[in-house]
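Report on one structure; see the data block that follows.
Every chain is numbered from 1, with letters handed out A, B, ... down the list of sequences. Values in this document were obtained by computation on a predicted structure and should not be read as measured data.
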There are 2 protein chains.
Amino acid sequence: MATQTEEDYIKAIFKITERNQGAANTNAIAKYLNTSAASVTDMLKRLSDKDYFHYEKYKGVYLTSKGIQMATQLVRKHRLWEVFLAKKLDFSWEEVHDIAEQLEHIKSDTLIEKLDAFLGHPKYDPHGDPIPNAEGKFTLRNQFGLSTLSKGEKGIVVGVKEHDKDFLQYLNQLEIGLGTEVEVIDVVDFDHSIKLKINNQEATSLSYKVTKNIYIKKQA
Amino acid sequence: MATQTEEDYIKAIFKITERNQGAANTNAIAKYLNTSAASVTDMLKRLSDKDYFHYEKYKGVYLTSKGIQMATQLVRKHRLWEVFLAKKLDFSWEEVHDIAEQLEHIKSDTLIEKLDAFLGHPKYDPHGDPIPNAEGKFTLRNQFGLSTLSKGEKGIVVGVKEHDKDFLQYLNQLEIGLGTEVEVIDVVDFDHSIKLKINNQEATSLSYKVTKNIYIKKQA
DNA sequence: ACGGATTTTTAGACTAGCTTAAAAATTAAT
DNA sequence: ATTAATTTTTAAGCTAGTCTAAAAATCCGT
Ligand SMILES: [Mn+2]
Ligand SMILES: [Mn+2]
Ligand SMILES: [Mn+2]
Ligand SMILES: [Mn+2]
């Protein structure tokens, strides 16, 4: 069975290739896993006969279907545990990730299917990210960056791109969370900042850096 | 922070000293953890400057108060997770142990307190074992081995001594679980076997080996 | 096409944990 | 009190995973 470290490497490669649309290179993996490039090369060499990925020296690495399947199951577990922590144990969305990072490695197929049922087969996690089903299929959604809305448009917050704690806590403070109604009152051309009504309260100004990390579903 | 292996060693020492009423010796630990005596000696040497226990060559090992506290917290976590698995996810009592053996190592103090609250601060786990509170205090109970009952006495099953899967499945088959009402119809002196009414069904015969592993609360 | 910067790999060494085989200490039996 | 059996420790060596420093390969600007 795969060790926790192995699993973390596979998931890292999955996340990086997904983001980059190409092979994951050594430095990117090292940075993602907070380890040295030398360790990564070493690990890739040691793992490369386990058929999780294709590795060519100096060319980076990409997952095989076996690797993708494993990574997807890990993402499934991670996100289901996040839902459990947020919905059942009342953790806030900025607290769930670190704990789920551990829980995702618990070995038991039955466990995750029972957990899924207990949670009512949720489709999205506390950050609005889709939860793959047991077969690995993600439910995609028609979403837009809040930064793409024009003056007068309304939406409902459905997710966040950035998962950084400070960012999420800033959103808490603004009372922005999943399901929050927003309406763009004004867009400032100069810096792309936005004046936003949040749940019909008085408008607040949000920087582009913030709005481009919030996903919304458009509202009539 | 303590590694999973360290935690397993501390818990093993705790369980063994509790059972033996004396220092835990190398072979006992090795057997408990399914490892070699040499590994245990090695580990004890390496851990002995971390103040979890007192170790004297050839004399075995016993926990310090720091070690006891750690072991108790592990038992608390283990049993709370078992309750979660049984009560919320519908696992049977013979399935929960192996998964809890992994879950007990998840690092987060908040998590376990929230889980405890979510479960309604249970006092006993699915095997009837007491769950220490956050301060490490166990709630003891006035219980007897089913084998100590005399003809005519009634009781309610409150726990099991043996946690073996086959034993627990045998009890499932007999429809004996926590809360089951039992009445001793007859005691056979020769082999100490017992004729038992289970939930007022027709009586079944149980061997001494079985009855001495079932704990009951006496009933008027 | 070359030189410098960047990225990646190699080399060598470390820790945690484990193994088997042999040596030493302890315990038990005569 | 010896000897024999048992338990424990030591010795030597293995794997997984990590590190730093140095070498090698690739990439990039001119
Ligand atoms: Mn992880
Ligand atoms: Mn998430
Ligand atoms: Mn464990
Ligand atoms: Mn239990």
- Would you mind reading off the distance between B:Met1 atom CE and C:dA16 atom P, rounded to a whole angstrom? 16 Å

- With distance as the sole criterion, is a donor-acceptor pair present between the side chains of B:Asp125 and B:Trp93 under 3.5 Å? no

- Message: Using every non-hydrogen atom in the two residues, find where A:Gly128 and A:Arg141 come nearest and quote the distance to one decimal.
- Response: O-NH2, 2.6 Å

- Query: How many Å lie between CE on B:Met43 and P on D:dT8, as a whole number?
  - Reply: 18 Å

- Query: Counting only side-chain N and O atoms of B:Asn25, is one of them less than 4.0 Å from OP1 or OP2 of D:dT7?
  - Reply: no

- Query: Under 4.0 angstrom, heavy atoms only, what part of the nucleic acid is A:Thr26 near: base, sugar-phosphate, or nothing?
  - Reply: sugar-phosphate

- Query: When the distance from CG of A:Asp42 to P of C:dT7 is rounded to whole Å, what number comes out?
  - Reply: 20 Å

- Query: 5'-most contact on DNA chain D: B:Lys59 or A:Tyr9, nearest heavy atom basis?
  - Reply: B:Lys59

- Message: Without decimals, in angstroms, what is the distance between A:Arg46 CZ and D:dC14 C1'?
- Response: 13 Å

- Rounded distance in Å - NZ (A:Lys57) to P (D:dC27): 15 Å

- Query: When the distance from NZ of A:Lys45 to C1' of D:dT18 is rounded to whole Å, what number comes out?
  - Reply: 14 Å

- Item | Most 5' of A:Ala37 and B:Thr41 on DNA chain D, judged by nearest nucleotide | B:Thr41

- Item | B:Thr5 vs C:dG17: side-chain N/O to OP1/OP2 distance below 4.0 Å | yes

- Evaluate the ring planes of A:Phe84 and B:Phe118, with Trp represented by its six-membered ring, and classify them as parallel (under 30°), tilted (30 to 60°) or perpendicular (over 60°). perpendicular

- Message: If you compare every side-chain N and O of B:Ser36 against the phosphate oxygens of C:dC18 (OP1, OP2), does one of them come in below 4.0 Å?
- Response: no

- Query: Just to confirm, is there a sub-4.0 Å distance from OP1 or OP2 of C:dT19 to any side-chain nitrogen or oxygen of B:Thr35?
  - Reply: yes

- Query: Between D:dT18, D:dA25, D:dA11, which nucleotide gets closest to the side-chain atoms of A:Tyr58?
  - Reply: D:dA25

- Counting only side-chain N and O atoms of B:Tyr55, is one of them less than 4.0 Å from OP1 or OP2 of D:dT9? yes

- Nearest atoms (heavy-atom pairs only) where B:Val184 meets B:Ser150: CB-O, 3.7 Å

- Message: Quick check against the 3.5 Å criterion: does B:Arg79 have a side-chain atom that pairs as donor or acceptor with the backbone of B:Pro130?
- Response: yes

- Whole-Å distance separating the CG atom of A:Leu47 from the P atom of D:dA16: 9 Å

- Taking only side-chain nitrogens and oxygens of B:Asn27, does any of them come within less than 4.0 Å of OP1 or OP2 of D:dT6? no

- Task: Could you state the atom-to-atom distance from CG of A:Leu33 to P of D:dT18 in whole Å?
- Result: 8 Å

